[in-house]
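Counting from 1, the numbers follow the sequence of the chain as shown.
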Amino acid sequence: MEIKVVKKVLGVNDTMAKQNRDMFTEKRVFVLNMMSSPGSGKTTLLEKTLIQIMPEIKTAVIVGDICTSNDADRLAVTGVPVVQVNTDEFGGDCHLAAHVIEKACENIDLDSIDLLIVENVGNLVCPAEFDIGEDARAVVLSVAEGEDKPLKYPLMFRKCDAAILNKTDLLPYLDYDSKQAVNNILQVHPEMPVFELSAKTGDGLESWIDWLKEYVRKKLQA
């Protein structure tokens with residue numbers, strides 16, 4: 001019985017995700033779903049990313065958190081439209097589902113943007129299970145976490161189109177084998193591009209920005 005309930009929930013979500021995807025295609029908006037565990041530096045990476053792609057790419061952001069608008073407040077300083085979603089209002093969900101994205105988009109002028117970034121709730125498990133109608137997914141991992149995270153949470157890495165190994169500026173101070181971390185990512189998803197960078201210093205950021213711009217360009221030209 002429990003399995004049937006789960007299948008029903010995911011089935012409804014998939015239907016709504018398709019509706020979202022059709023809407024984004026009609027509006028010619030590329031949608032990136034960014035996921036990570038808490039503390040990976042995802043918001044800092046987004047701050048630096050937004051600064052570098054503006055004004056070339058018109059962007060809006062949906063921020064998912066259980067509580068607070070801390071991340072949304074930081075991203076709003078860049079000048080992009082930001083919509084905050086707090087899941088504590090509907091049970092403290094550890095992910096954003098398709099119907100939540102559809103509702104959040106009511107507060108965004110999709111005709112005026114090229115790129116919508118969804119900063120999902122910090123969690124390496126649940127967000128990977130819910131299609132929100134995105135075009136691509138990226139997972140952010142920091143060198144302050146274990147090298148075996150890709151092996152412990154393989155679904156997240158199988159479902160993503162790119163992996164970002166962040167906080168490389170900390171490597172001199174940590175007992176962390178980044179080569180092993182990359183090997184573990186590729187063991188789970190052999191074709192996945194992996195960007196090793198420091199959002200804090202900007203080292204390595206260019207390759208990530210180029211990857212993102214190329215995906216947005218392809219959607220606009222489709």
Sidechain-backbone polar pair: [X] side chain, [Y] backbone, donor-acceptor under 3.5 Å:
X	Y	value
Ser40	Ser36	no
Lys42	Glu119	no
Arg217	Leu212	no
Glu145	Ser142	yes
Arg158	Val188	no
Asp203	Leu197	no
Asn13	Ala98	yes
Asp88	Cys67	no
Glu147	Asp177	yes
Ser198	Thr201	yes

Should [X] and [Y] be counted in the same cluster of Ile, Leu, Val, Met, Phe, Trp and Tyr side chains packed under 4.5 Å apart?
X	Y	answer
Val80	Leu115	yes
Val31	Val85	yes
Ile101	Leu110	yes
Val125	Val100	no
Leu205	Leu165	no

Indicate the atoms forming the closest heavy-atom contact of [X] with [Y], along with that distance.
X	Y	result
Cys160	His189	O-CE1, 3.0 Å
Phe130	Arg137	O-NH2, 3.1 Å
Val121	Pro127	O-CG, 3.7 Å
Ser37	Lys149	OG-NZ, 4.1 Å
Ile62	Ala104	CD1-CB, 3.8 Å
Leu116	Cys105	CD2-SG, 4.0 Å

Using a strict threshold of under 4.0 Å (side-chain N to carboxylate O), is an ion pair present between [Y] and [X]?
X	Y	result
Asp14	Lys18	no
Glu56	Lys213	yes
Asp114	Lys219	no

If we only count heavy atoms from C-beta on, is the [X] to [Y] side-chain gap below 4.5 Å?
X	Y	result
Pro81	Ile108	no
Val63	Val83	no
Tyr153	Asp148	no
Val143	Leu174	yes
Trp208	Asp210	no
Asp71	Leu46	no
His99	Lys103	no
Asp73	Val77	no

What I want to check is whether the side chains of [X] and [Y] have a donor and an acceptor closer together than 3.5 Å.
X	Y	answer
Gln52	Thr49	no
Thr78	Glu47	no
Asn184	Gln180	yes

Residue Lys159 excluded, over 12 heavy atoms near NZ under 6.0 Å
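Atom NZ in Lys159 is not packed in, count stays at 12 or less.
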Does NZ belonging to Lys58 count more than 12 external heavy atoms closer than 6.0 Å?
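Counting neighbours around NZ of Lys58, 12 or fewer heavy atoms of other residues, nucleotides or ligands fall under 6.0 Å, so no.
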To the nearest 0.5 Å, tell me how far [X] [atom1] sits from [Y] [atom2].
X	Y	atom1	atom2	answer
Asn120	Leu96	CG	CG	4.0 Å
Lys167	Ile164	NZ	CD1	13.5 Å
Cys94	Asn123	SG	CG	4.5 Å
Phe157	Leu151	CZ	CG	9.0 Å
Thr43	Met34	OG1	CE	9.0 Å
Thr25	Phe30	OG1	CZ	11.0 Å

Intermediate values then yes/no, side-chain contact (heavy atoms from CB on, under 4.5 Å), His95 and Glu129
CA-CA 9 Å; His95 63 276; Glu129 299 174 350; over 6 Å; no
May I have the step-by-step check of salt bridge (Lys or Arg N to Asp or Glu O under 4.0 Å) for Asp131 and Arg21, ending in yes or no?
CA-CA 10 Å; Asp131 182 359; Arg21 188 168 286 111; 2.8 Å; yes
In sequence, state the C-alpha distance, the side-chain angles, and the governing distance for Asp65 and Gln84, and then conclude on side-chain contact (heavy atoms from CB on, under 4.5 Å).
CA-CA 8 Å; Asp65 257 321; Gln84 174 72 55; 3.8 Å; yes
Take Val182 and Glu196 through the test side-chain contact (heavy atoms from CB on, under 4.5 Å) and record every step on the way to the result.
CA-CA 9 Å; Val182 173; Glu196 297 180 64; 3.7 Å; yes
Identify which one of Asn86, Thr87, Asp93 satisfies the side chain to side chain contact (heavy atoms under 4.5 Å, CB included) criterion when paired with Ile66.
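Of the listed residues Asn86, Thr87, Asp93, the side chain to side chain contact (heavy atoms under 4.5 Å, CB included) partner of Ile66 is Thr87.
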